[in-house]
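In what follows, a structure is listed as structure tokens, so that the remarks can point back to it.
Note that the numbering runs from 1 along the sequence shown for the chain.
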Amino acid sequence: KHLPLKILICIPCIYGAEHTREAVNSVINKPNVDVLLIDNGSEKAVKDLLRTYYMEQNIFLTINPKNIFVNPAWQQGIDMFLYNTEYTHLIIMNSDLIMQNDWVEVLKNRWAVNPNEICIPIMQQSKELPQQVDVNLQSAKEVREGTAGVFITLSRKQVEIINPLPSELKIWFGDNWIFEILRGCGYKTVIPDNLISFHYWSQNVCRLQGISELIEIDKLNWEIVKHKKQAIIETNRIK
């Protein structure tokens, strides 16, 4: 027996109040969707913006007084998702991504047919998103490597497989960890023709102090944790 669709979206926020507002507004007030906003040591304008959503229905706010970096912030969303068993799917979303209005229905209809798909939205270059799309369209392009977005859609089983994200990784390779494990296990990542978004490409990560040094540390740690990834794949490979 399948649980009714119930989605938790995790959005760490740090820079860019304007695009953060548009990102959040594109996914709130949807049926069976809760949103976890993470104030990840954000700048004042973003901090003030996030407070305006506080206490709104289906919106939760977690405050990190200092930036704990993006992968640990994603882990906060994973922890909340796993603790609350009514959630069926977790979406990890960047704060510079705007989703077309029908995204919930697109995913709902896809998962009804292909429950194990990991759906990645089309990154449209124009901010003028269509008013409506054909939510029943089932065409999609399979993506065998790389990542996009980030707008990562995960079922409960998939979250359980990739949990926990390696504590050694702070800002880099979190999406690689998720996609490489799940593709290795046999799950397909696809870009549906009717799951549409606009990406600001704000490069927020480049505004972090000491970013170059942090990336180099993550590169070294990525090599260290790769054996963990392979062990998870061998344990959870789809037969």
Side-chain angles (χ1 to χ4, degrees), residues 1-3 5-12 34 36 38 40 62 64 67-94 97 107 110-121 140-192 195 205 214-239:
K1 184 178 180 180
H2 294 289
L3 293 174
L5 185 73
K6 178 75 171 179
I7 298 172
L8 175 66
I9 303 185
C10 165
I11 311 178
D34 290 350
L36 172 62
I38 299 178
N40 201 20
T62 291
N64 299 323
N67 179 13
I68 64 171
F69 305 115
V70 66
N71 290 342
W74 287 3
Q75 186 65 50
Q76 290 178 313
I78 290 171
D79 292 343
M80 177 176 173
F81 172 84
L82 291 174
Y83 180 79
N84 292 275
T85 57
E86 74 271 21
Y87 293 127
T88 60
H89 292 79
L90 173 69
I91 294 176
I92 295 171
M93 178 174 165
N94 277 0
L97 198 68
L107 291 178
R110 290 204 69 86
W111 288 331
V113 177
N114 302 295
N116 291 326
E117 278 188 343
I118 303 166
C119 298
I120 303 169
K141 175 185 177 182
E142 183 177 355
V143 184
R144 297 182 181 271
E145 59 183 22
T147 61
V150 168
F151 185 88
I152 307 174
T153 63
L154 302 170
S155 69
R156 178 160 287 271
K157 176 62 176 177
Q158 291 160 355
V159 174
E160 291 171 349
I161 290 172
I162 60 94
N163 177 63
L165 301 181
S167 60
E168 299 93 335
L169 304 175
K170 302 304 181 186
I171 62 170
W172 227 242
F173 298 111
D175 45 359
N176 296 66
W177 173 268
I178 292 170
F179 283 115
E180 288 190 21
I181 285 179
L182 295 177
R183 286 173 183 152
C185 290
Y187 293 102
K188 289 184 178 181
T189 50
V190 301
I191 301 180
L195 187 63
V205 70
L214 287 168
I215 290 174
E216 292 306 312
I217 293 171
D218 272 359
K219 286 180 180 178
L220 294 174
N221 287 338
W222 176 243
E223 296 301 319
I224 293 172
V225 304
K226 277 187 175 180
H227 72 280
K228 297 182 183 179
K229 174 172 67 70
Q230 193 57 41
I232 294 170
I233 289 172
E234 293 303 323
T235 302
N236 294 280
R237 199 182 300 274
I238 298 174
K239 307 301 182 187

Interatomic spacing from [atom1] in [X] to [atom2] in [Y] - rounded to 0.5 Å:
X      : Y      : atom1 : atom2 : answer
Ile238 : Lys188 : CD1   : NZ    : 10.5 Å
Cys10  : Asp79  : SG    : CG    : 10.0 Å
Leu220 : Ile224 : CG    : CD1   : 7.0 Å
Arg183 : Asn176 : CZ    : CG    : 9.0 Å
Lys170 : Leu214 : NZ    : CG    : 9.5 Å
Thr235 : Gln230 : OG1   : CD    : 10.0 Å

Looking only at atom types and distance, does a side-chain atom of [X] sit under 3.5 Å from a main-chain N or O of [Y], one as donor and one as acceptor?
X      : Y      : value
Thr189 : Val143 : yes
Asn94  : Phe151 : no
Asn71  : Trp172 : yes
Asn236 : Cys185 : no
Thr153 : Ile91  : no
Asn116 : Tyr187 : no
Lys157 : Leu154 : no

- Item | Full working for side chain to side chain contact (heavy atoms under 4.5 Å, CB included) between Ile92 and Ile178 | CA-CA 11 Å; Ile92 295 171; Ile178 292 170; 4.0 Å; yes
Over all atoms of both residues, closest heavy-atom pair of [X] and [Y]:
X      : Y      : value
Leu97  : Val150 : CD2-O, 3.5 Å
Gln75  : Leu165 : OE1-N, 2.8 Å
Asp218 : Ile171 : OD2-N, 2.8 Å
Cys119 : Leu107 : CB-CD2, 3.6 Å
Ala73  : Asn40  : CB-ND2, 3.9 Å
Ile181 : Ile233 : O-CG1, 3.6 Å

- Query: What residues form a side chain to side chain contact (heavy atoms under 4.5 Å, CB included) with Leu82, not counting sequence neighbours?
  - Reply: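 Leu82 satisfies side chain to side chain contact (heavy atoms under 4.5 Å, CB included) with Ile78, Arg156, Val159, Glu160, Asn163 once adjacent residues are dropped.
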- Criterion side chain to side chain contact (heavy atoms under 4.5 Å, CB included) on Leu90 and Trp74, from CA distance to verdict: CA-CA 11 Å; Leu90 173 69; Trp74 287 3; over 6 Å; no
- Task: Using ring-ring contact (aromatic ring centres under 6.0 Å, His included) as the criterion, list what pairs up with Trp111, not counting sequence neighbours.
- Result: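 Result, ring-ring contact (aromatic ring centres under 6.0 Å, His included) vs Trp111: His89.
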- With Phe173, which residues qualify under ring-ring contact (aromatic ring centres under 6.0 Å, His included), at least two apart?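 Per chain and number, Phe173 pairs via ring-ring contact (aromatic ring centres under 6.0 Å, His included) with Trp222.
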- Item | side chain to side chain contact (heavy atoms under 4.5 Å, CB included) assessment of Phe81 paired with Leu36 | CA-CA 10 Å; Phe81 172 84; Leu36 172 62; over 6 Å; no
- Query: Hey, is CD on Glu145 packed in by over 12 heavy atoms from elsewhere, all under 6.0 Å?
  - Reply: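 Not more than 12 within 6.0 Å, no.
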- Message: Taking atom NZ as the centre, does Lys229 end up with more than 12 heavy-atom neighbours from other residues, nucleotides or ligands that are less than 6.0 angstrom away?
- Response: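 Yes, because the 6.0 Å sphere around NZ of Lys229 holds more than 12 heavy atoms from other groups.
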- Validation row: Ile120, Phe179 side chains within 4.5 angstrom (heavy atoms):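 They are in side-chain contact.
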- Item | Test log, rule side chain to side chain contact (heavy atoms under 4.5 Å, CB included), inputs Lys6 and Asp34 | CA-CA 8 Å; Lys6 178 75 171 179; Asp34 290 350; 3.5 Å; yes
